[in-house]
Amino acid sequence: MNKIDMSVDLNGLKLKNPVTVASGTFGFGEEYAEFIDLNQIGAISVKGLTLKPKEGNPPPRLYETPMGLLNSIGLQNPGVEVFIKKYIPYLRQFDTKIIANINGANLEEYMEMARILDKEDVDSIELNISCPNVKDGGLAFGTNPAVVRNIVTEIRNCTTKHLIVKLSPNVTDIKEIALIVEECGADAISLINTVAGMAIDIEKQKAVVERKVAGLSGPAVKPIARESKVEIVATGILLLCAKALAVVRPILIPVKEPGPFETAIKSISSIVIFKLLNKFFIIGINF
Amino acid sequence: MKFYGKVKVKKVEFMTEDAFKMVVDRPNDMVIEPGQFFMIKNVELHPLLNRPISVSSYNETEIEFGIKIVGTGTENFSKLRVDDEIFLMGALGNGFDLKKEYKKVLLVGGGIGVEPLKGAAMELNKMGIFTKMFLGFNNECFDIDIFKKIANEVITFSEAENKADFIGYPTDILNDELSKSDYDAVFTCGPKILMKKVNEISKANNVETQLLLEERMACGIGACLGCTCETVNGYKKVCEDGPMFYGNEVNLNE
Ligand SMILES: Cc1cc2nc3c(=O)[nH]c(=O)nc-3n(C[C@H](O)[C@H](O)[C@H](O)COP(=O)(O)OP(=O)(O)OC[C@H]3O[C@@H](n4cnc5c(N)ncnc54)[C@H](O)[C@@H]3O)c2cc1C
Ligand SMILES: Cc1cc2nc3c(=O)[nH]c(=O)nc-3n(C[C@H](O)[C@H](O)[C@H](O)COP(=O)(O)O)c2cc1C
Ligand code: FES
């Protein structure tokens, strides 16, 4: 079979194909290696990282909604040091790009993360300013235009790595935020983080998760991602590919010159699926 | 590599009004331990997530599950017909620890939780370990003939009259049983309240407990960090660190 060139250039981050897995849905890749060949994925965005190990939120953390999933994980992760020592070498065994998803409780922590990872062997840094499941940082940083401007500018000054900024749909005008992010020197944006939501346990008469608010993802939020004013690439289709195993979905968009890229991706997305269908026997739900 | 793919359904058979047995083809080379589980999904898109279901019994060619209908996912499974396909992923997690030094094991199950004990009793039996089962039901008992073949002794309990050996719960006579005889371990699976009581009673009798925990799951393989449970060593993932935990590790409070 002839190889089709499916490579994409996300404004400096070259992926051999546009299939990436969203942070938090794919662990550090290791967990899925028993089921799929990690060499087949364009890039892996690892579980959200913090400076110190983070325990995350108390159980229960998951609640399924009609075609969606509410999660309240709370950025549980082993900390950036473990990522560097254990998971960068692990992921480097595979022909895939590594995206480090970074989180902080305050600006200084975000900056420290960026400085640390600037010296490490990662292909891109994904600045997560849109997690609804933590008290400090997260969503609070991604919804206020002035705060976004400040944090992206500061992070840009801390690293020369490829920089992706992950945005929240919980804003009035996501385009406004996206334009600021671009202006401050980000190379790409990632859409969308989960939508803030809540479920009630009627019997217990209280919210299902302890923090009350959780993050909604999955097919239920696909129309929201689509509606986002910025150009959105191939989201739903790739979701169908990846969802067989989990709630995995690639949504990476170059900020500069989105037009041609989007057209390109759109036109090849069906091939991506086709190829995936052949190679990832896990796929094949409802086409 | 662990298995992920489609398999064919061989049988769906109701045991009670809301509990059924589902038998599927066992893929080649699949390793299964009792107490492990599979992530199962119907081929339609809805509902979104795979459902974790423990393996009940198995042989070289087939895997059997015992499933209780509690919502859409399990109801959909109950409507499957012979030769329909489902997605199967597994076997996953850590099952029961079948220790060679065990001589005598008591298995205490409640409701659909009796099913995962089947595989355990089968394997213990093969190892020449004496097994006794306490099986609790809220009404009609099921699969008793099968349990009687694989365990040395079976005692049944039902909340309803004239259905079982005893009216009531397995925990009613558990303390007597453990205090009058030398058990090396108690394996338990069922409602949390049952496992909690079993755990307390075994602890009081200095008998080791192995129990199967449940938590809502999305990935089933340790990637999403969604199935956390509290243990004496901090948070653990039920899907990867469990579902078998020792009684002295976990906190079974609601
Ligand atoms: C490791 C493991 C092994 C399991 N083994 C079996 C088994 O062998 N047989 C069997 O019948 N069931 C088993 N379960 C429970 C089974 O996974 C759930 O009953 C099922 O996912 C419910 O899906 P549903 O769509 O029918 O119900 P839903 O509509 O999703 O839920 C209906 C009700 O069940 C509760 N529920 C949903 N998921 C879970 C869960 N994971 N744990 C506890 N409560 C839940 C919900 O809170 C709700 O009240 C197991 C669960 C785990 C985690
Ligand atoms: C269980 C779970 C954990 C997640 N953890 C993170 C995380 O650590 N960092 C992050 O940026 N996004 C995280 N997300 C958000 C996803 O990366 C993604 O943006 C979101 O799920 C929306 O896409 P989807 O609808 O295709 O799943 C998480 C999502 C889920 C479901
Ligand atoms: S279900 Fe995803 S970590 Fe256990």
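The basis for the numbers below is simple: all heavy atoms, side chains too, and nothing from hydrogens, waters or symmetry mates. Naming convention: chains lettered A, B, ... in sequence-line order (proteins, then strands); numbering from 1 in each chain. The structure presented is a predicted model; accordingly, all values stated were derived computationally and were not measured.
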Original post:
What is the distance from atom CG of B/L225 to atom CD of A/E31, rounded to the nearest 0.5 Å?
Top reply: 7.5 Å
**OP:** State, with a plain yes or no, whether a side-chain heavy atom of B/E215 is found less than 4.5 Å away from one of A/P60.
**Re:** yes
**OP:** Under the side-chain contact (heavy atoms from CB on, under 4.5 Å) rule, what do A/F26 and B/C224 come out as? Steps first, then yes or no, please.
**Re:** CA-CA 7 Å; A/F26 208 70; B/C224 76; over 6 Å; no
Subject >> Reported CZ-to-CG distance for the pair B/R216 and A/L70, which is rounded to 0.5 angstrom >> reply: 10.5 Å
Subject >> A/E210 atom CD, over 12 foreign heavy atoms within 6.0 Å >> reply: no
Subject >> A/N57 side, atom CG; B/T228 side, atom OG1 - distance, nearest 0.5 Å >> reply: 9.0 Å
**OP:** Quick one: do B/H46 and A/M67 satisfy side-chain contact (heavy atoms from CB on, under 4.5 Å)? Show the steps, please.
**Re:** CA-CA 7 Å; B/H46 183 266; A/M67 289 315 279; 3.5 Å; yes
Subject >> Neighbour count >12 (heavy atoms, 6.0 Å) for atom OH, B/Y169 >> reply: no
**OP:** Give the member of B/M217, B/R51, B/E240 that has the highest number of heavy-atom pairs under 4.5 Å with chain A.
**Re:** B/R51
Subject >> Neighbour count >12 (heavy atoms, 6.0 Å) for atom NZ, B/K197 >> reply: no
**OP:** For the pair A/E34 and B/F3, evaluate side-chain contact (heavy atoms from CB on, under 4.5 Å) and give the outcome as yes or no after the intermediate values.
**Re:** CA-CA 9 Å; A/E34 275 193 286; B/F3 181 80; over 6 Å; no
Subject >> Side chain, backbone, both or neither of A/F28 within contact of chain B (heavy atoms, under 4.5 Å) >> reply: neither
Subject >> CD-OH distance between A/E55 and B/Y235, expressed to the nearest 0.5 angstrom >> reply: 5.0 Å
**OP:** Indicate the atoms forming the closest heavy-atom contact of B/L48 with A/L69, along with that distance.
**Re:** CD2-N, 4.3 Å
Original post:
Between B/C229 and A/P59, what is the shortest heavy-atom contact and its length?
Top reply: CA-CG, 4.3 Å
**OP:** Heavy-atom distances under 4.5 Å only: say whether B/L92 touches chain A with side chain, backbone, both or neither.
**Re:** side chain
Can you give the donor-acceptor pairs under 3.5 Å from side chains of residues 62-71 of chain B to other protein atoms, not counting sequence neighbours?
from, atom 1, to, atom 2, distance (Å)
B/E64, OE2, B/K118, NZ, 2.9

Original post:
Listed by chain and number, what are the salt bridge (charged side-chain N to carboxylate O under 4.0 Å, His left out) partners of B/D172, not counting sequence neighbours?
Top reply: none
Original post:
In this structure, are over 12 heavy atoms from other groups packed under 6.0 Å from B/K99 atom NZ?
Top reply: yes
